[in-house]
Participant: 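Attaching a single structure in C-alpha cells format; questions to follow.
Just so it is clear: chains get the letters A, B, ... in the order the sequence lines come, proteins before strands, and each one is counted from 1.
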2 protein chains.
Amino acid sequence: MSDPRHPRASGRATLSDVARHARVSAITVSRALNTPDKVSSELRERIEIAVRELGYVPDRSARALASRQSFTVAVLVPSLSNAVFVDTLRGISERLDPFGYQLLIGDTGYSAEVEERRLRAYLEHRPDGVLLTGQAQTEGARALLAHAGVPVVRMMDLSADGLCVGFSQIKAGYALTRHLLERGHRRIAYVAAQLDERVRLRGEGYRCAVREVGGDDPRLEVAVPDPSSVHLGGELLGRLLQQAPDCDAVFCCNDDLAWGAIFECQRRGIDVPGRLAIAGFNDLEMSACINPALTTIATPRHQIGVAAADLLLAAIAGEPPADGQRDLGFSLVVRQST
Amino acid sequence: MSDPRHPRASGRATLSDVARHARVSAITVSRALNTPDKVSSELRERIEIAVRELGYVPDRSARALASRQSFTVAVLVPSLSNAVFVDTLRGISERLDPFGYQLLIGDTGYSAEVEERRLRAYLEHRPDGVLLTGQAQTEGARALLAHAGVPVVRMMDLSADGLCVGFSQIKAGYALTRHLLERGHRRIAYVAAQLDERVRLRGEGYRCAVREVGGDDPRLEVAVPDPSSVHLGGELLGRLLQQAPDCDAVFCCNDDLAWGAIFECQRRGIDVPGRLAIAGFNDLEMSACINPALTTIATPRHQIGVAAADLLLAAIAGEPPADGQRDLGFSLVVRQST
DNA sequence: CCTGCTAATGGTTGCGCTAACATTTACCCA
DNA sequence: TGGGTAAATGTTAGCGCAACCATTAGCAGG
C-alpha cells in the first residue's frame, strides 16, 4: 500500500488525500470548497493549505456523478468563422461564467446532421442546459432533447415553441428592402449564400416587400448553397449583373457578401451607390469602415447571447417560462452604400 | 420501488436499465457499446434495440470516472473573434473528432490570468491532453500543468521546450520587411495592436530587417495594446502619418489593421501602393479581395491545428516525443498593395 | 476422455465525490 | 441546571460505469 501521507503515485490528489493531509473528513473538504461558510475558518484555512500543497484540482466527473449536476451548458452554433455567432457566444459566456457554468461549445457547419451528432455527444456530459441556434433540428435531435429532459433555449430566430430569443428575420429582411424601395430603387436584387433557415427568412422578407410594389422577378435573385465568403460576394455580383443588368440595388444576405460585392464594383468601376446601391446584413465591425460604408441591419447578437443565457438560467432554476419568446428587435443602419 | 422494466421516473436510462431491458448483464451492454466485436451479434442486436427503445445516452462522467480516461482535450486560444485561431480549431477538430475526443474550447482574451483560470477549470475535466496557444503562461498555469501530468502541445510559436507546432514569427516579420525593402522602400513603419507575444516577435523581425539597412526610427512604430480591429487600423494609420509623414510603407501586424489602413488611405486619397505600400499578416480570406489586394504573410494555421492534434495524439498514446518542435513555415504572398 | 485453450458472458468492486442523515459541541434561555 | 437550538463535523451509501477476475461453453489435440 502507498504511504497514506502522500497522494498515490499513480494519480493525482483526491479529496480524501486533502482530507488526510488536513486531518479532517472528506466531506468537510468538500464543504470547504463548495460552501465555505459552512466550515469554521480554522479548518477552512487548514484545508486551503492542504489543497495548495497537494496541488489538488477537483474532479468534475466525480462531482457531477455524485451531485447529479454537471454545471456545464452545451452551446451549438452553426459556425465559429461567423462573427455573429462568436459575438453571441461572448454574451453567453459573460452571463454564465460567473455562475460557474462551463460551456461546451460546438459548431455544426450549418448541418442538421452534424448538429444531431454533436448534440448526442454533448448530452453525454449531462449538461444542465442546452443552447441551440435556430429550430431546424432533425427528428433525432428533437427526440434526444425530449428524452434528456434538459432545458433548451433557441437563439436567433423567433416563432419556435418553447424558449427562444432572437428577432424576426423576415421583418428585418422586409425593413431593409423597404429602405431600398424608399430610396427609389425598383430593380432590387437579393443575393444569398449559405442557405440556412435565417437566410431563407430574410429572402422571404425581401420578397414580401418587392411584391408589394410589383417588383418581384426571379432573375433578381441569386442564391447558392455554398459557404458565404467575401470572394463569393464578388462572384455572385458578377452573376447577378449578367442575368439582370438593369438592377439598381442589391440586398446581400450578410455583410461578407456585401463587402465582396462592393469590392467587385470597385474593380468594375461601378459607382456605389450611384449606379448600384448595396446593403448587407448583421453590421459587422468592418461595415462601418469600408468605402462606401455599408448600409446594413444591426443585429443584437451579443444581447441575444446574454438574454438566452438568462432565460436558460431561469429554466434551470425551475422558474416557469414566463415569456417563452423574447424579441430583441433589430435596427436599420443607413450608411453611404445606399 | 419503481417498476424494474422501466427506467426510473426520476432520471434517464442507465446502463443497467438497458441491461435489464435486453436481459443481459450491465457489463455486456458496456462491451456492446465500447468493444462491439467482443459481444455476440445476437446480444449486440438485442442491446441495440434496448438502447433505442429507452433512448439511452451514456454518461461520460461515469465512464471517465470508472475508466480513468475522459476522452476530452482542452484547447485554449486567445480569441474566437480571430479567424486565425478558428482555422486552427478546425484543424484540431478534424483530426481529433474521428478518435472520439471531445474538445473543450475556451478563449483567454489574450490574458495570461484568464488563461490560468480557464486552464484550472478545464483540468477539472481531467482532459487526456491540452493544446495551448503560445507559451506565455503564468507560473500558476505552469504549476497546474506540471501537477496534472497531462500531455501539452503549444501552438503558433516555436522555441518552446516541450511539444510545439508553429512557425517563426520573427522570421516571418523579417521576411515581410525584407520584401518591402526590396521594393525600394526605406521609411517602413510597423503598426501593431493587441500586443501579444506573437505580435512582439513580428515586430522583432521587422526591427532586425530595418536595422540592417540603418532604417530604424522609433517614430516609425505605432503600437497600442487595444484589441485589434479594422477601425483601429484606420486610426493608427492616421497617427502614423502624423508622427512620420514621410513613411513610404506600412507593415501591419495583422490583416485587420491593414484593411483599415487601406480604407483610410482610400478616404484620404492616398495612393496604395504608389504613395504608400501596405502589408498585412495572416492572409485572411478577404485580403485577396480588397482593392488593392493585400500583400501579406500566409500562415499555416489550419495545418498547425492538424499537426498539433497529431502530436498530441502521439503523446497521449505514450509515444516518445520524437521531434518536439515542428516548424510549418510561412509564405510571403505578394499582391497589389506593395 | 481429459487437458488446455479461446470466446462470450457475468459478478464484484471501486473510480472521486456529495446527499442525506447522524452526531457532537457550544451556547442560550427559562 | 436542563432542555432546546444552531453550527460544525462526521458516517454511510450510492451516483453510472468499466477494470478485474471468474465462470461457462465449445472445441482442438494428445
Side-chain angles (χ1 to χ4, degrees), chain A residues 1-2 7-8 10-47 50-51 54-72 100 123-126 128 148, chain B residues 1-2 7-8 10-47 50-51 54-72 100 123-126 128 148:
Chain A
M1 291 299 136
S2 63
R8 91 193 65 80
S10 61
R12 298 152 71 171
T14 70
L15 244 206
S16 36
D17 292 326
V18 176
R20 211 161 18 229
H21 203 83
R23 298 183 314 282
V24 296
S25 73
I27 190 66
T28 304
V29 178
S30 172
R31 278 195 276 254
L33 296 174
N34 300 319
T35 51
D37 45 303
K38 287 192 178 166
V39 173
S40 67
S41 56
E42 187 208 330
L43 285 195
R44 204 183 322 139
E45 203 167 314
R46 234 161 66 200
I47 289 169
V51 163
L54 296 179
Y56 171 70
V57 174
D59 184 320
R60 278 183 94 91
S61 291
R63 184 204 301 244
L65 199 57
S67 69
R68 264 137 279 191
Q69 242 211 318
S70 67
F71 270 100
T72 64
L123 287 178
E124 295 189 354
H125 287 272
R126 301 287 184 267
D128 298 332
Chain B
M1 290 297 139
S2 64
R8 92 195 62 83
S10 61
R12 299 155 71 172
T14 70
L15 244 205
S16 35
D17 293 325
V18 175
R20 209 156 25 224
H21 203 83
R23 299 184 313 282
V24 296
S25 74
I27 189 67
T28 303
V29 177
S30 171
R31 278 195 277 254
L33 296 174
N34 300 320
T35 50
D37 45 301
K38 286 191 178 166
V39 174
S40 66
S41 56
E42 187 208 330
L43 285 196
R44 205 186 320 142
E45 203 167 313
R46 234 160 68 199
I47 290 169
V51 164
L54 297 180
Y56 171 70
V57 174
D59 184 318
R60 278 183 95 91
S61 293
R63 182 203 300 245
L65 200 55
S67 70
R68 265 137 277 191
Q69 240 212 315
S70 68
F71 269 101
T72 64
L123 287 178
E124 295 189 352
H125 288 272
R126 302 288 186 266
D128 298 332

Participant: For residues Thr28(B) and Leu43(B), report the shortest heavy-atom separation together with the two atoms involved.
Facilitator: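 Thr28(B) and Leu43(B) have their closest heavy atoms at CG2-CD1, 4.0 Å.
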
Participant: What's the spacing between Asp17(A) CG and His21(A) NE2 if we round to 0.5 Å?
Facilitator: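 The CG atom of Asp17(A) sits 10.0 Å away from the NE2 atom of His21(A).
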
Participant: Using modelled atom types only, decide if a donor and an acceptor are shared between the side chain of Arg60(B) and the backbone of Phe71(B) within a distance under 3.5 Å.
Facilitator: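 A pair under 3.5 Å: yes.
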
Participant: Tell me which nucleotide among dA18(D), dA8(C), dC17(D) gets nearest to the side chain of Ser40(B).
Facilitator: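 Between dA18(D), dA8(C), dC17(D), the one nearest the side chain of Ser40(B) would be dA8(C).
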
Participant: In whole Å, what is the span from the CG atom of Asp37(B) to the P atom of dT9(C)?
Facilitator: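 Atom CG in Asp37(B) sits about 12 Å away from atom P in dT9(C).
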
Participant: With the criterion being N/O to N/O and under 3.5 Å, what pairs connect the protein with nucleotides 10-14 of chain C, and how long is each?
Facilitator:
residue: dG10(C); atom: OP2; partner: Ser25(B); partner atom: N; Å: 3.0
residue: dG10(C); atom: OP2; partner: Ser25(B); partner atom: OG; Å: 3.0
residue: dG10(C); atom: OP2; partner: Thr28(B); partner atom: OG1; Å: 2.3
residue: dG10(C); atom: O5'; partner: Ser25(B); partner atom: OG; Å: 3.4
residue: dG10(C); atom: N7; partner: Arg31(B); partner atom: NH2; Å: 2.7

Participant: Using whole Å, report how far CZ of Arg60(A) lies from P of dG16(C).
Facilitator: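 Atom-to-atom, Arg60(A) to dG16(C), this comes out as 17 Å.
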
Participant: Using the test side-chain hydrogen bond (donor to acceptor under 3.5 Å, both in side chains), find all partners of Ser61(A) that sit at least two apart in sequence or belong to another chain.
Facilitator: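 With sequence neighbours excluded, Ser61(A) shows a side-chain hydrogen bond (donor to acceptor under 3.5 Å, both in side chains) to no residue whatsoever.
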
Participant: What integer distance in Å separates His125(B):NE2 from dC15(C):P?
Facilitator: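 Distance check: His125(B) NE2 to dC15(C) P gives 22 Å.
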
Participant: Quickly work out the Leu54(A) CG to dG16(C) C1' distance and round it to whole Å.
Facilitator: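 Rounded to the whole Å, the gap is 15 Å.
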
Participant: For the pair made of CD1 in Ile47(B) and C1' in dA8(C), what is the distance, rounded to whole Å?
Facilitator: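 That distance rounds to 11 Å.
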
Participant: What is the distance, to the nearest angstrom, from the CZ atom on Arg63(B) to the C1' atom on dA18(D)?
Facilitator: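 These atoms are roughly 9 Å apart.
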
Participant: Atom CD of Glu124(B) to atom C1' of dC17(C): distance rounded to whole Å?
Facilitator: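 Result: 12 Å.
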
Participant: In whole angstroms, how far is the C1' atom of dG14(D) from the CG atom of Asp59(B)?
Facilitator: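 After rounding, the gap between these two atoms is 14 Å.
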
Participant: Can you tell me if Ser30(A) touches the phosphate of dT18(C), counting only side-chain N or O atoms and a distance under 4.0 Å to OP1 or OP2?
Facilitator: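 It does, given that an N or O in the side chain of Ser30(A) lies less than 4.0 Å from OP1 or OP2 of dT18(C).
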
Participant: Can you give me the closest heavy-atom contact between Arg44(B) and Val39(B), atom names plus distance?
Facilitator: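 Distance-wise, the nearest heavy atoms are NH2-O, 3.2 Å.
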
Participant: How many angstroms lie between CZ in Arg12(A) and CZ in Arg126(B), if you round to the nearest 0.5 Å?
Facilitator: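 Nearest 0.5 Å value for the CZ-CZ distance: 4.0 Å.
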
Participant: Mind checking the CD1-CD spacing from Ile47(A) to Glu45(A)? Nearest 0.5 Å is all I need.
Facilitator: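 CD of Glu45(A) is found 11.0 Å from CD1 of Ile47(A).
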
Participant: Mind checking the OG-NE2 spacing from Ser70(B) to His125(A)? Nearest 0.5 Å is all I need.
Facilitator: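 Between Ser70(B) OG and His125(A) NE2, I get 8.5 Å after rounding to 0.5 Å.
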
Participant: Quick one: pull up CG in Leu15(B) and CG in Leu54(B) and give me the separation to the nearest 0.5 Å.
Facilitator: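 Reported value, rounded in 0.5 Å steps: 11.0 Å.
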
Participant: Specify the angle, to 10°, made by the local axes at the two ends of the helix from dC1(C)-dG30(D) to dA30(C)-dT1(D) when five pairs are taken at each end.
Facilitator: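 About 40°, once rounded to a multiple of 10°.
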
